[in-house]
Protein chains: 2
Amino acid sequence: MAVQRGEGQVGEGARIRDVAKAAGVSPATVSRVLNNSAGVGEALRKRVLGAVERLQYRPNPHARALLSGRSHTAGLLVAEVDGPFYGPLYRGLERVLSEHRLHLIMASGRRRHEVEWEVVNSLLGRGLDLLFLWPEALSQEELRWAAAQGPKVVILGQEVPGLPCVALDHAHGGYLATRYLLQAGHLRIAHVAGPQGMQDAVSRLAGYQRALAERGLEVDPELVAYGNFRESGGYRAARELLSRGRPFSALFAANDQMAIGVAAALEEAGLRVPQDVSLMGYDDIIMARYVRPALTTIRQPLEEVGKAAALRALQALGYAAGTPQELALEVIERSSVRPLDSS
Amino acid sequence: MAVQRGEGQVGEGARIRDVAKAAGVSPATVSRVLNNSAGVGEALRKRVLGAVERLQYRPNPHARALLSGRSHTAGLLVAEVDGPFYGPLYRGLERVLSEHRLHLIMASGRRRHEVEWEVVNSLLGRGLDLLFLWPEALSQEELRWAAAQGPKVVILGQEVPGLPCVALDHAHGGYLATRYLLQAGHLRIAHVAGPQGMQDAVSRLAGYQRALAERGLEVDPELVAYGNFRESGGYRAARELLSRGRPFSALFAANDQMAIGVAAALEEAGLRVPQDVSLMGYDDIIMARYVRPALTTIRQPLEEVGKAAALRALQALGYAAGTPQELALEVIERSSVRPLDSS
DNA sequence: CTGAAAGCGCTTACAG
DNA sequence: CTGAAAGCGCTTACAG
């Protein structure tokens with residue numbers, strides 16, 4: 001009685017007992033052969049493998065997961081699955097994880113607190129081994145709670161005291177970008193920041209302000225506008241900046257996508273990059289090299305971030321994993337910035 | 001004896017029997033409450049829910065999957081997780097699937113037969129409910145074999161007789177793009193095709209040739225070069241075309257990423273788009289709207305493709321799902337093509 | 001309306 | 001070296 005054989009896809013194939021019968025051994029022996037455990041007689045081994053092959057037997061992963069408590073799956077929360085940004089991160093994670101036969105589930109929190117929370121809970125309910133969270137709206141409290149729920153958690157994009165994190169120093173990046181522009185002789189530097197309240201956006205803005213202050217320049221709030229981290233946001237923010245009428249000879253956009261939107265708006269307004277306005281991006285997405293003028297930007301090693309996060313997580317799971325590379329930000333000089341004639 | 005309580009993350013929380021004990025009922029009753037089955041007395045129901053809450057009980061998904069044969073997870077094979085191309089597809093799939101509490105695993109086949117085959121097998125061994133395959137190198141035989149292994153399979157990007165597929169008519173798209181250029185008065189039209197042997201690339205090339213032939217023009221093989229579907233490939237292919245010395249007034253690139261690489265190469269060679277060379281892309285990635293000049297292109301409704309594929313798969317699983325939209329290709333006119341003066 | 005029991009497909013400690 | 005049995009955490013047909 002009780003449960004009938006499932007109709008599910010998994011149940012359709014041969015079971016271990018079918019293989020055992022076909023090979024004339026016990027299920028335990030089949031299991032041992034498949035898991036390379038203990039010494040199984042060579043003769044039996046061959047027989048079992050033959051039967052496995054013949055019946056196209058695949059062990060039921062759900063049964064294995066139930067027994068071991070391991071699903072061989074990791075989850076990744078990001079702000080969006082679109083866009084050029086998370087691709088390299090995903091790839092870095094996948095490269096390392098797949099070597100350990102771990103798969104990766106990606107889910108989007110859409111930059112909204114409510115959605116992020118729901119996604120994290122859904123991920124927590126799936127019996128994943130690992131959780132990589134790149135939150136945009138969740139509080140540190142909430143992240144710590146999530147980490148207490150079971151799966152190993154690695155936080156990306158920000159430092160959360162008490163949890164394993166892999167973050168880049170966004171404030172430093174904002175500082176580097178701005179200083180670069182300053183060194184090129186620009187004094188009136190506008191900034192298109194990311195969404196207000198988002199950590200990385202806030203930090204880059206802080207870096208921008210610090211560089212200006214260090215140089216003894218006043219930070220003019222009229223030279224700062226906010227965007228959504230996408231092309232459309234950069235486009236709109238640039239138009240807003242232009243409409244304010246405050247002159248600027250350079251502009252630092254908090255990411256490359258917005259920088260490209262900015263460039264479009266500038267051109268529409270009859271301003272040339274870099275002759276009239278120097279433009280600096282952030283991220284170094286692939287496209288940055290190909291847009292005209294090619295974008296000078298701050299490179300974030302996102303694939304390396306993914307690898308580092310994966311390595312750290314694997315260690316937490318008890319696998320012997322290598323040591324991650326140093327994650328350094330770097331100015332990539334291309335053609336969108338030019339020195340200001342001090343004439 | 002036998003198995004000890006797992007150390008896995010899943011095993012760490014409360015089990016159904018703990019809840020049952022706390023509520024003073026049997027595990028069966030807890031199960032019924034949680035699954036809203038049958039009529040459970042309201043009083044008990046409350047007690048059970050209270051205990052669930054108190055113990056922070058989460059049913060073990062692996063046990064459920066073992067019993068039901070359903071993992072609530074779908075797999076997606078694509079050529080790369082990077083790049084702007086698959087984002088909208090993933091999003092379309094995810095939007096529909098998540099409404100049915102299905103998660104999505106993405107894996108990259110890297111355009112290599114061997115890797116694709118391995119990935120498909122790995123996916124097949126995971127007890128997934130659904131498989132979405134956008135193959136670049138697998139044969140129709142292999143795809144049919146995969147579909148026979150258990151999970152419901154939907155093929156993307158090409159038609160495979162006998163299997164549910166969601167594909168766009170790439171030949172038609174190539175034809176549309178070329179005809180558009182022809183109608184603008186161009187007669188010498190170069191083509192940067194995708195990798196030789198890949199279905200979509202081959203079809204677009206065929207569409208290009210058909211449009212030329214229809215117009216009574218000879219197809220000059222010297223005007224065709226091949227790229228890797230990425231910016232770098234477009235860049236190199238354009239340089240190759242230029243080095244051949246055959247004149248052309250327009251160029252159709254088999255995707256937007258290559259078109260953007262082409263534009264960079266053209267500009268480096270001192271050629272202006274569209275004044276000197278008209279440029280047509282394919283896909284309509286977000287960036288197409290923002291590069292300068294904004295790219296005239298063929299829009300592929302990839303998010304819709306994802307939704308349609310998800311809907312079809314859900315039907316196969318027996319869920320009542322809606323009917324997908326029509327998937328039409330469309331010329332998006334922007335600024336990278338201009339009529340040829342017939343002077 | 002509720003519970004005791006069987007069983008999903010595996011793995012592993014125990015016996016031999 | 002190999003097998004019989006227990007058990008992972010659930011769900012559901014069967015009894016009551």
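All values below come from the heavy atoms of this structure, side chains included, with hydrogens, waters and symmetry mates left out. Quick note on labels: first sequence line is chain A, next is B, and so on, each numbered from 1.
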How long is the line joining [atom1] of [X] and [atom2] of [N], in whole Å?
X: A:E42; N: D:dC1; atom1: CD; atom2: P; result: 11 Å
X: A:L34; N: C:dC10; atom1: CG; atom2: P; result: 9 Å
X: A:I16; N: C:dT11; atom1: CD1; atom2: C1'; result: 8 Å
X: B:R58; N: D:dC10; atom1: CZ; atom2: P; result: 12 Å
X: A:N35; N: C:dA13; atom1: CG; atom2: P; result: 12 Å
X: A:K21; N: D:dG3; atom1: NZ; atom2: P; result: 14 Å
X: A:L67; N: D:dG9; atom1: CG; atom2: P; result: 9 Å
X: A:D18; N: C:dG9; atom1: CG; atom2: P; result: 9 Å

- Query: Taking only residues two or more places apart in sequence, or in another chain, which ones meet B:A79 in a side-chain contact (heavy atoms from CB on, under 4.5 Å)?
  - Reply: B:Y86, B:R111, B:E136

- For A:R144 and A:E141, run salt bridge (charged side-chain N to carboxylate O under 4.0 Å, His left out): C-alpha distance rounded to whole Å, both residues' side-chain angles, the deciding distance at 0.1 Å, then the answer. CA-CA 5 Å; A:R144 270 189 285 265; A:E141 291 300 292; 3.5 Å; yes

- Under 3.5 Å for both distances, Watson-Crick or G-U wobble, that's the pair rule; now give the dot-bracket for DNA chain C, with | marking pairs to another strand and [ ] for crossing ones. |||.||||||||.|||

- Message: If you define the side chain from C-beta out and look only at heavy atoms, does anything of B:L131 sit under 4.5 Å from B:L124?
- Response: yes

For [X], what residues pass the side-chain hydrogen bond (donor to acceptor under 3.5 Å, both in side chains) criterion, not counting sequence neighbours?
X: A:R312; result: none
X: B:E142; result: B:H113, B:S139
X: A:S31; result: A:N35

- Message: Closest-nucleotide mapping onto DNA chain C: is B:L44 or A:L66 further toward the 5' terminus? I mean the 5' end.
- Response: B:L44

N/O (side chain, [X]) to phosphate O (OP1/OP2, [N]) under 4.0 Å:
X: A:R64; N: C:dT11; value: yes
X: A:R17; N: C:dG9; value: yes
X: B:N60; N: D:dC8; value: no
X: B:R70; N: C:dC8; value: no

- Expressed in whole Å, how much space separates the C1' atoms belonging to C:dT12 and C:dG16? 16 Å

- Message: Between the base of D:dG3 and the side chain of A:R32, is one N or O donor paired with an acceptor at under 3.5 angstrom?
- Response: yes

- Task: Evaluate the criterion salt bridge (charged side-chain N to carboxylate O under 4.0 Å, His left out) for residue pair B:D18 and B:R15; output intermediate values, then yes/no.
- Result: CA-CA 5 Å; B:D18 302 319; B:R15 291 148 301 174; 3.2 Å; yes

- Message: I need the minimum non-hydrogen distance between A:L168 and A:L327, along with the two atoms involved.
- Response: CD2-CB, 3.7 Å

- Closest heavy-atom contact between A:G306 and A:L93? O-CD2, 3.3 Å

- Would you jot down, in residue-number order, the residues of residues 24-31 of chain A having a non-hydrogen atom under 4.0 Å from DNA chain D? A:V25, A:S26, A:A28, A:T29

- Message: For a quick check under 3.5 Å, do B:H103 and A:S122 share a side-chain donor-acceptor pair by atom type?
- Response: yes

- Item | Closest listed nucleotide, where the reference is the side chain of A:A63 and the choices are C:dC10, C:dT2, D:dG9 | C:dC10

